[in-house]
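Structure first, then comments.
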Amino acid sequence: MAPEVAGSYPSPQAVGNAPGPGFIGFVHRRRRGAELFLLVLALAVGVGGYAAVGLGVDQEVPADLVGYGGWLAALVVLAHVVVRFFAPYADPVLLPIVAALNGLGLAVIHRLDLAYEAAGKSQHDFAQQQLTWMTLGVVLFVLTIALLRDHRVLQRFTYTSGLGALALLLLPMLPGIGNTVNGARIWINVGPFSFQPGEVAKVLLVVMFAGYLVLHRDALALAGRRVLFIDLPRGRDLGPILAMWAVSLSILVVQRDLGSSLLFFGLFLVMLYVATERPGWLIVGGLMFFGGAGFLYWFSATTGRLSHIQNRVNIWLDPMAYYDKSPGSGQLVESMFGMSWGGLIGRGFGEGQPDRVPYAESDFIVGAIGEELGLTAVMAVILLYGLIVERALRAALISRDGFGKLVATGLAAVLALQVFVVIGGVTRLIPLTGLTTPFLSYGGSSLVANWVIIALLLRISDQARRPVPDLSGNDDSDGFGDDATQVVKLST
Amino acid sequence: MSELTLFLIRLAYLAILWIFVLSAISVIRSDMFGARVPAAAREGGRRGATPKAPKTGRQPSKRRGAPTHVLVTEGANAGERAELDQAPILIGRGSDAAIRLDDDYVSTRHARIAASGDQWFVEDLGSTNGTYIGTARITQPTTITPGTQVRIGKTILELRK
């Protein structure tokens, strides 16, 4: 019996018959009012943070609070109105959470600007730039929601987005525009702007993996030979995607971007596991990961090459020993000092010294939050990330088409892995690898890409929560082909 | 500014943060079960659908020994059942099916069990992989009796009393 592949995935329009007997009367509500309520609270988090920074550092409410708050409110209301018009059934919690995290991040970055200024270090205006990037992010969010009315359209661009992702990953290697920052060649400079193309590439890779796996998942799961308790799929099914993944991973390794390599590796495993429902992939992947990491560590320890890998592991195992060495652990240790000084409820804005940590505004922003707002705020932040991932997986669960399920799962995995890698690194759970904390960290490319991720998730959840059109009287199977049935072209 | 004021500002800000988190969770909680469709609206929707029940529309009279429900006996959804007084019963992977099967070999709307007189029929709805009774793939509505095994994909269903 040949597994049925395409055509078997139910699309909401094609399902269209009346709720049959036994159908539980269950529809999702729109919940836009709840979203607006949460957005007001999210604004309170953002603007309140800004005001608290002013009060704590300068002993007065910042003069531009009204202008700043107004701008933030305008962005949030714009996003809300667009969701209300173009995705009325979308998840009500995602947008407020993202707005709150972004607002909190802006406040903390502003605090760090003031701290750098007070310490007499180089003048920064990171908060202002971050607000500009947030504006761009919201604009892209709005465009994505308004223009992409059905996420299944993306399935046509499976291979295009794969190529696009490769091109973006290769861009920093070009001599003219590529730029090396702190040993990682992952930046491009165009005029005054610098950009990290890898952040956009991860969205494209999710689309590519999802589009490929949804077509080949039955073949991947069922056809093939069994070797040592594991069903190996056929080469022609697994080959293309494995090659794609290997190429992107090796590019990242050459660019010395450990965090992103970890992210892509995990993303690929999660999507393969979800698509094929084979837990064996997780075991194989886990073994491969630990084997590879162990080999790299051994390789760098014995030959002395790739010393940055050995360095990271040594710092992770014993940070105090490397505190004042040159490629040392000063950053990590200072951040840990800060977090322990902050304790349960933190020092308060203006009372800590978060500027002692280099790059506190990007990789170590969680450390800065832990120092000035304490464990209470860090727990809230981690919980908010958990809620984002939960809502994304919920959208995947209730989504009615396989492609949407896989894209939502992939995006959830991207966010979850990124948060785990960076917060795990800062809290010394795992070796530190540089990644941005989504929505909190200073960094334009990451912020913009994450706003687009949220737009895609809202689009998928809108499609999934929208009630099935009620076409009573079309009870028979010949209901296909009338006006209500819309043929969605897929690139098969 | 006094130490106490700063302390209160800090506490107030943490409170705002957690009020936001807890409100988000409460919205999720109220969202979890969706909204029930009012029974009247549902009845209205169903009234339009049931008269199209095939061939007859009249349910077999309740008498001793007549089957009362369909039971999934094998497959991923084993144990799931649907009452026959809600016939016709749609079987498939779609969310509108009365018996929803998580089976990759099952089509969205795969088969239907319906009544004619005192007899029950199973009818394939143009599925990709077919509906089988024993080893025979059925091509037209076929009578089934309690205990007849109907195979759909990797799933087996039968009528039960």
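Sequence lines set the chain letters: A, B, ... in the order given, protein chains first and strands last, and positions in each chain run from 1.
- Both the backbone and the side chain of B:F20 come within contact range of chain A, each with at least one heavy atom under 4.5 Å from a heavy atom of that chain.
- The line from CD1 of B:I28 to CZ of A:R394 is 9.5 Å long, rounded to the nearest 0.5 Å.
- From B:S23, atom OG reaches atom CG of A:L41 across 4.5 Å, with rounding to the nearest 0.5 Å.
- In this structure, chain A has no heavy atom under 4.5 Å from any part of B:L22.
- Between B:D104 and A:R217 there is a side-chain heavy-atom pair separated by less than 4.5 Å.
- Atom CD of A:E277 has 12 or fewer heavy atoms from other residues, nucleotides or ligands within 6.0 Å.
- Expressed to the nearest 0.5 Å, how far OG of B:S2 lies from CD of A:Q59 amounts to 9.5 Å.
- A:T376 contributes atom OG1, which lies 5.5 Å from atom CG of B:L14 (distance to the nearest 0.5 angstrom).
- With a 4.5 angstrom heavy-atom cutoff, B:A82 does not touch chain A via any of its atoms.
- With a threshold of 4.5 angstrom between heavy atoms, A:L387 approaches chain B through side-chain atoms but not through N, CA, C or O.
- To the nearest 0.5 angstrom, A:F349 atom CZ is 11.0 Å from B:I9 atom CD1.
- Of all the heavy atoms in B:A24 and A:L38, the pair that sits closest is N-CD2, 3.6 Å.
- Considering all non-hydrogen atoms of both residues, B:R10 and A:E372 come closest at CD-O, 4.4 Å.
- Both the backbone and the side chain of A:P96 come within less than 4.5 Å of a heavy atom in chain B.
- Chosen from A:A52, A:A100, A:G346, the residue pairing most often with chain B at heavy-atom distances under 4.5 Å is A:G346.
- For A:E351, the part lying near chain B is the side chain, with the backbone staying farther off; criterion is any non-hydrogen pair under 4.5 Å.
- Residue contact with chain B, scored on non-hydrogen atoms closer than 4.5 Å, involves the side chain of A:R391 exclusively.
- If you measure heavy-atom distances from B:I16 to chain A, the contacts under 4.5 Å come from both the backbone and the side chain.
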Practice problem: With side-chain contact (heavy atoms from CB on, under 4.5 Å) as the test, would you mind laying out the steps for A:L383 and B:I25 before giving the verdict? | Solution: CA-CA 10 Å; A:L383 204 53; B:I25 291 175; 4.3 Å; yes
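- Interatomic distance, A:L373 CG to B:L17 CG, rounded to the nearest 0.5 Å: 7.5 Å.
- Of the two parts of A:V45, the backbone and the side chain both hold a non-hydrogen atom closer than 4.5 Å to a non-hydrogen atom of chain B.
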Quiz item: Given the rule in the side-chain contact (heavy atoms from CB on, under 4.5 Å) test, do A:L104 and B:Y13 qualify, once you have shown the distances and angles that lead to the verdict?
Solution: CA-CA 11 Å; A:L104 176 65; B:Y13 188 65; 3.3 Å; yes
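- Heavy-atom pairs under 4.5 Å with chain B peak, among A:G350, A:G374, A:A42, at A:A42.
- A:I345 touches chain B through backbone and side chain together, each having a heavy atom under 4.5 Å away.
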